[in-house]
Amino acid sequence: MSTVNLSTITKQFGNVTAVRDLDLLIEEGEFFTFLGPSGCGKTTTLRMIAGFYYPTHGKVKFNNKDMTTVPPEKRNTGMVFQNYALFPHMTVFENVAFGLRVRKISKAETRKRVEDVLKKVRLESYIQRQVSQLSGGQQQRVALARALVIEPDILLLDEPLSNLDARLRDEMRTEILRLQREYGITTIYVTHDQVEALTMSDRIAVFKDGKCQQMGTPTDIYNEPVNDFVAEFIGETNLSPVTLDKKQEEVFVFNSDSLKSPIRVRNSKQNIATYHEDDELMISIRPEAIQVSDEELTELHNVWTGEVSLVQFTGASVHTFIKINEEITLRATGLNQGPSTYFAEGATVSVHMPEDQIRVIPRARE
Ligand code: ADP
Ligand code: MG
């Protein structure tokens, strides 16, 4: 087990800055996820930790030991690649044993360690099977076993589930978490899938254009996104540009060109007091926080009237899209409470945004 400490690392490829001034401390035994869209620098960061790339600036440390330019084979990290990178014409045994052969481990011990790890990933009966004759999910388990068998200090996984179908992906998520907890191994997981990040991680770093935008627990990042990029990338949200109007006792009032009437926001755990009238701000409200009613709700603040433009049934939940005007359609999500509670498309409804559920955030910088 090991901590991983990146201090202001930058990686340039010619004119492209793939990673910029990244600071990060990953704790022992932590499941840490790099999340972000394609091309934002996740793989490059992982490769600097594995030693396949050296940073242009900055330092990589494991347990406070400088590893910045230590070659990959001397770092004791186990890596699982997106395309598995297995040897297709070798058997499961030969693939998993590969890293132990390189380390000159005895035949008897190699046999025992390979058998043990294959039990852990539930592939013990496939030990002599050729890898090309395995399913995608089984190949994924071989790749995991191969990374784990060397007893790495750090496990690095680069989009390991993206080639699997949805159901298998779900199953493998649980499987990877189980193994990570069993081994107690410091794990860094790369994904562009927000559901994977939210369900698996102790902490997440959200990347955009080589910059870390926010780091925190899944609940922190979902409930308190720092800018519009994070709010939109993690989960669904309703975003709309606003400007600060005034403070009125405990409540801040914002103006919106699209929503027309003022929006009241209660300042709980937010930085609103530091905003100015000329800041470019957005309100963000999660669909599950929006209340929809076929009554008028005259006694409440932050109520708009709109027309139901679409009702999407997903099984467990129901999404209702409400067109407020030409510029803005809001999305509200509720648990499925049975057919009598679904709104009809075309119906006129009231939409309530509770003032303590609205988050006001700046736009992400380019
Ligand atoms: P991600 O894994 O988040 O999709 P990458 O880390 O692979 O992103 O890439 C980040 C940026 O760096 C991209 O713009 C990519 O084109 C560029 N890049 C990555 N690897 C190389 C390389 N070996 N040479 C040149 N540019 C690269
Ligand atoms: Mg990548």
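Counting begins at 1 with the first residue of the sequence.
- The closest donor-acceptor contact from the side chain of Asn238 to the backbone of Arg331 lies under 3.5 Å.
- Judged by distance alone, the side chain of Thr91 and the main-chain N or O of Glu94 form a donor-acceptor pair under 3.5 Å.
- Ring geometry for Tyr53 versus Phe13: interplanar angle over 60°, hence perpendicular rather than tilted (30 to 60°).
- Within a 6.0 Å sphere centred on CD of Glu326, other residues, nucleotides and ligands contribute 12 heavy atoms or fewer.
- Nearest approach of Thr33 to Ala197, heavy atoms of both residues: CG2-CB, 3.9 Å.
- Ring geometry, Phe34 versus Phe32: the interplanar angle exceeds 60°, so the pair is classed perpendicular (tilted spans 30 to 60°).
- In this structure, Arg178 is not positioned above the aromatic face of Tyr183 in the sense of NZ or CZ being under 6.0 Å from the six-membered ring centre and within 45° of the axis.
- Atom CG of Asp257 has 12 or fewer neighbouring heavy atoms from other residues, nucleotides or ligands inside a 6.0 Å radius.
- Within a 6.0 Å sphere centred on CD of Glu327, other residues, nucleotides and ligands contribute more than 12 heavy atoms.
- For the pair Ile324 and Trp304, the tightest heavy-atom approach, listed with the atom from each and the gap, is CD1-CB, 4.0 Å.
- Comment: Glu182 engages Lys120 in a salt bridge, judged by a side-chain N to carboxylate O separation of less than 4.0 angstrom.
- Ion pairing between Asp202 and Arg181 holds under the 4.0 Å rule for side-chain N and carboxylate O.
- Within the 3.5 Å criterion, the main-chain N or O of Gln82 finds a donor-acceptor partner in the side chain of Asn163.
- Annotation: cation-pi geometry not satisfied between Arg173 and Tyr189 (NZ/CZ under 6.0 angstrom from ring centroid, within 45° of ring axis).
- A salt bridge does not link Glu115 with Lys119: every distance from a Lys NZ or Arg NE/NH1/NH2 to an Asp or Glu carboxylate oxygen is 4.0 Å or more.
- Shown here is Lys65, whose NZ atom has no more than 12 heavy atoms of other residues, nucleotides or ligands within 6.0 Å.
- A salt bridge links Glu30 with Arg203: the distance from a Lys NZ or Arg NE/NH1/NH2 to an Asp or Glu carboxylate oxygen falls below 4.0 Å.
- Other residues, nucleotides and ligands place no more than 12 heavy atoms under 6.0 Å from the CZ atom of Phe98.
- No side-chain heavy atom of Val131 sits under 4.5 Å from any side-chain heavy atom of Met90.
- Ion pairing between Arg363 and Glu280 holds under the 4.0 Å rule for side-chain N and carboxylate O.
- Atom CG of Asp165 sits in a crowded spot, with more than 12 heavy atoms from other residues, nucleotides or ligands closer than 6.0 Å.
- Under the 3.5 Å distance criterion, with hydrogens and angles disregarded, no donor-acceptor pair is assigned to the side chains of Asn336 and Ser317.
- Ion pairing of Arg103 with Glu73 is absent here, as no side-chain N (NZ or NE/NH1/NH2) approaches a carboxylate O to less than 4.0 Å.
- The backbone N or O of Phe207 lies less than 3.5 Å from no partner atom in the side chain of Gln214, so there is not a single donor-acceptor pair.
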